[in-house]
Every structure is written in C-alpha cells, then in structure tokens.
Amino acid sequence: MAVTITEQNLSDETKEGLVLVDFWASWCAPCKMMEPVLEQLETDYGDQVKFGKLNVEHQQDLAMNYKVMSIPSLVLFRDGKAVEKITGLYPKDKLAGYLDKKNCRASYNQTKLVFRSFSKCR
C-alpha cells in the first residue's frame with residue numbers, strides 16, 4: 001500500500017531508491033481514475049519502486065515546492081532528489097514503460113551491471 005507523504009516524512013520516505021509520489025486530491029476525478037492503475041503498478045513492481053500519495057489539499061506547501069499546478073501529477077524521486085514530474089492521466093502500460101526505463105537506469109547506475117536485456121533500458 002502506498003505511503004501517505006507529508007512534510008514531516010517526505011525526506012525519510014524518498015531518501016533511498018526510486019519513489020513515485022502521486023500528488024492528488026479527493027475532488028479530482030482523473031486522480032480517482034489513476035488510483036487503481038497506481039495500485040496495480042505497486043503490486044507489479046514490488047520492492048523495485050516505492051509508491052507514495054500526497055494529498056495537495058493537506059500539503060499545499062509541498063505541492064507548491066514541486067511546482068504541481070495540475071493534478072494528478074507524479075513526481076519521481078531517486079535517492080532523495082526529485083528528478084522528474086509528469087502530469088495527467090496515463091494508462092498502466094505507458095506508466096509501466098516509463099518506470100521500466102527509469103528502473104533500468106537506476107539499476108545500471110547503482111551496480112554498473114544490469115541483469116536485464118539492454119533493449120529494455122533504451
């Protein structure tokens with residue numbers, strides 16, 4: 001289950017590996033549509049990618065800090081640093097492709113060896 005991200009736990013929850021944080025709100029219809037997609041991806045990726053949820057209604061300062069102007073927005077953290085942001089509703093296969101690409105790069109950068117087909121990492 002995705003971790004609830006707040007100002008108090010953001011740095012601890014994102015300090016290691018890949019973490020995808022969903023910036024959402026309860027009134028946002030596309031956010032509600034994105035929820036089952038992210039839940040499926042969380043199951044699929046297991047411990048390769050950590051998932052978090054940040055309610056922009058309760059964490060407005062964090063949303064402003066990461067320049068979240070529209071929701072849903074997904075901010076990808078790598079080892080504590082926000083490296084990319086994507087905004088909008090995406091199908092599972094497109095997000096999976098995105099995460100595969102980012103996960104391959106992270107694996108390669110950390111170990112200098114990738115035990116996957118290099119074609120997946122391009």
Side-chain angles (χ1 to χ4, degrees):
M1 179 157 189
V3 174
T4 299
I5 301 294
T6 66
E7 193 170 352
Q8 290 74 32
N9 71 354
L10 176 69
S11 57
D12 283 341
E13 296 295 342
T14 61
K15 70 181 172 187
E16 202 170 289
L18 286 179
V19 182
L20 188 66
V21 178
D22 175 24
F23 286 71
W24 68 284
S26 60
W27 47 262
C28 169
C31 297
K32 290 177 184 178
M33 294 169 63
M34 189 73 135
E35 188 172 356
V37 170
L38 293 172
E39 287 173 355
Q40 290 172 3
L41 288 171
E42 185 174 12
T43 299
D44 292 350
Y45 283 88
D47 62 353
Q48 295 175 358
V49 179
K50 186 175 185 177
F51 289 78
K53 294 183 70 62
L54 187 146
N55 186 327
V56 298
E57 293 176 306
H58 301 141
Q59 304 294 322
Q60 292 178 4
D61 289 343
L62 282 178
M64 287 177 22
N65 287 349
Y66 292 99
K67 298 179 179 30
V68 172
M69 307 300 267
S70 299
I71 52 174
S73 283
L74 303 173
V75 177
L76 184 68
F77 289 82
R78 180 176 290 130
D79 297 326
K81 295 180 183 176
V83 293
E84 288 185 11
K85 177 179 68 172
I86 56 175
T87 301
L89 181 61
Y90 288 91
K92 180 185 173 189
D93 60 336
K94 188 166 185 173
L95 279 176
Y98 171 78
L99 290 173
D100 285 345
K101 194 174 181 182
K102 299 305 172 184
N103 201 28
C104 282
R105 287 188 184 149
S107 296
Y108 181 76
N109 288 336
Q110 289 171 3
T111 65
K112 301 298 181 201
L113 294 172
V114 177
F115 297 103
R116 297 182 189 181
S117 166
F118 282 105
S119 63
K120 280 186 166 181
C121 295
R122 292 177 199 242

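- In this structure, CZ on R78 lies 6.5 Å from CG on L76, to the nearest 0.5 angstrom.
- Here the straight-line distance linking atom CG of L54 with atom CD1 of I71 works out to 10.5 Å at 0.5 Å rounding.
- Nearest heavy atom pair, residue S73 against residue T87, reads OG-OG1, 3.0 Å.
- For Y45, the ring pair (Phe, Tyr, Trp, His ring centres under 6.0 Å) test picks out no residue, with sequence neighbours left out.
- Atoms CD and CG, from Q60 and N55 in turn, are 9.5 Å apart once rounded to the nearest 0.5 Å.
- Q59 places a side-chain N or O within donor-acceptor distance of the main-chain N or O of E7, the cut-off being under 3.5 Å.
- Here E42 pairs with A2, F51 under the side-chain contact (heavy atoms from CB on, under 4.5 Å) rule; sequence neighbours left out.
- To the nearest 0.5 Å, atom CG of residue L38 and atom OG1 of residue T43 are 11.0 Å apart.
- Linking ILVMFWY residues whenever their side-chain heavy atoms come closer than 4.5 Å, directly or via other members, leaves M34 and V68 in distinct clusters.
- N9 pairs by the side-chain contact (heavy atoms from CB on, under 4.5 Å) definition with V3, I5, T6, E13, not counting sequence neighbours.
- The salt bridge (Lys or Arg N to Asp or Glu O under 4.0 Å) pairs that include a residue from residues 26-41 number zero, where partners must be two or more places apart or lie in different chains.
- In the hydrophobic clustering of ILVMFWY residues, with side-chain heavy atoms under 4.5 Å counting as a link, L74 and M64 come out apart.
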Query raised in the report: Does the side chain to side chain contact (heavy atoms under 4.5 Å, CB included) test come out yes or no for L95 and I86, once each step is laid out?
Result: CA-CA 10 Å; L95 279 176; I86 56 175; 3.6 Å; yes
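- In this structure, M1 shares a hydrophobic cluster with no other residue, the cluster being traced through Ile, Leu, Val, Met, Phe, Trp and Tyr side chains under 4.5 angstrom apart.
- There is a path of hydrophobic side-chain contacts, each under 4.5 Å, that joins V75 to V19.
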Query raised in the report: Going through the checks in order, is the side chain to side chain contact (heavy atoms under 4.5 Å, CB included) test met by L41 and K92?
Result: CA-CA 7 Å; L41 288 171; K92 180 185 173 189; 3.9 Å; yes
Requested in this report: Determine, step by step, whether E16 and K50 satisfy the side chain to side chain contact (heavy atoms under 4.5 Å, CB included) criterion, reporting the C-alpha distance in whole Å, the side-chain angles of both residues, the deciding distance to 0.1 Å, and the verdict.
Outcome: CA-CA 9 Å; E16 202 170 289; K50 186 175 185 177; over 6 Å; no
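- Under the 4.5 Å side-chain contact rule for hydrophobic residues, L89 and V37 share a cluster.
- Residues L10 and V49 do not share a hydrophobic cluster, clusters being chains of Ile/Leu/Val/Met/Phe/Trp/Tyr side chains in contact below 4.5 Å.
- Note that CG of L20 and OH of Y98 are 7.0 Å apart. Values are rounded to the nearest 0.5 Å.
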Please output the side-chain donor-acceptor pairs of residues 21-30 that fall under 3.5 Å, not counting sequence neighbours, one pair per line with the distance.
{"residue": "D22", "atom": "OD2", "partner": "K53", "partner atom": "NZ", "Å": "3.0"}
{"residue": "S26", "atom": "OG", "partner": "E57", "partner atom": "OE1", "Å": "3.2"}
{"residue": "W27", "atom": "NE1", "partner": "E57", "partner atom": "OE2", "Å": "2.9"}

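- Under the 3.5 Å distance criterion, the side-chain polar atoms of K85 are matched with a main-chain donor or acceptor of K67.
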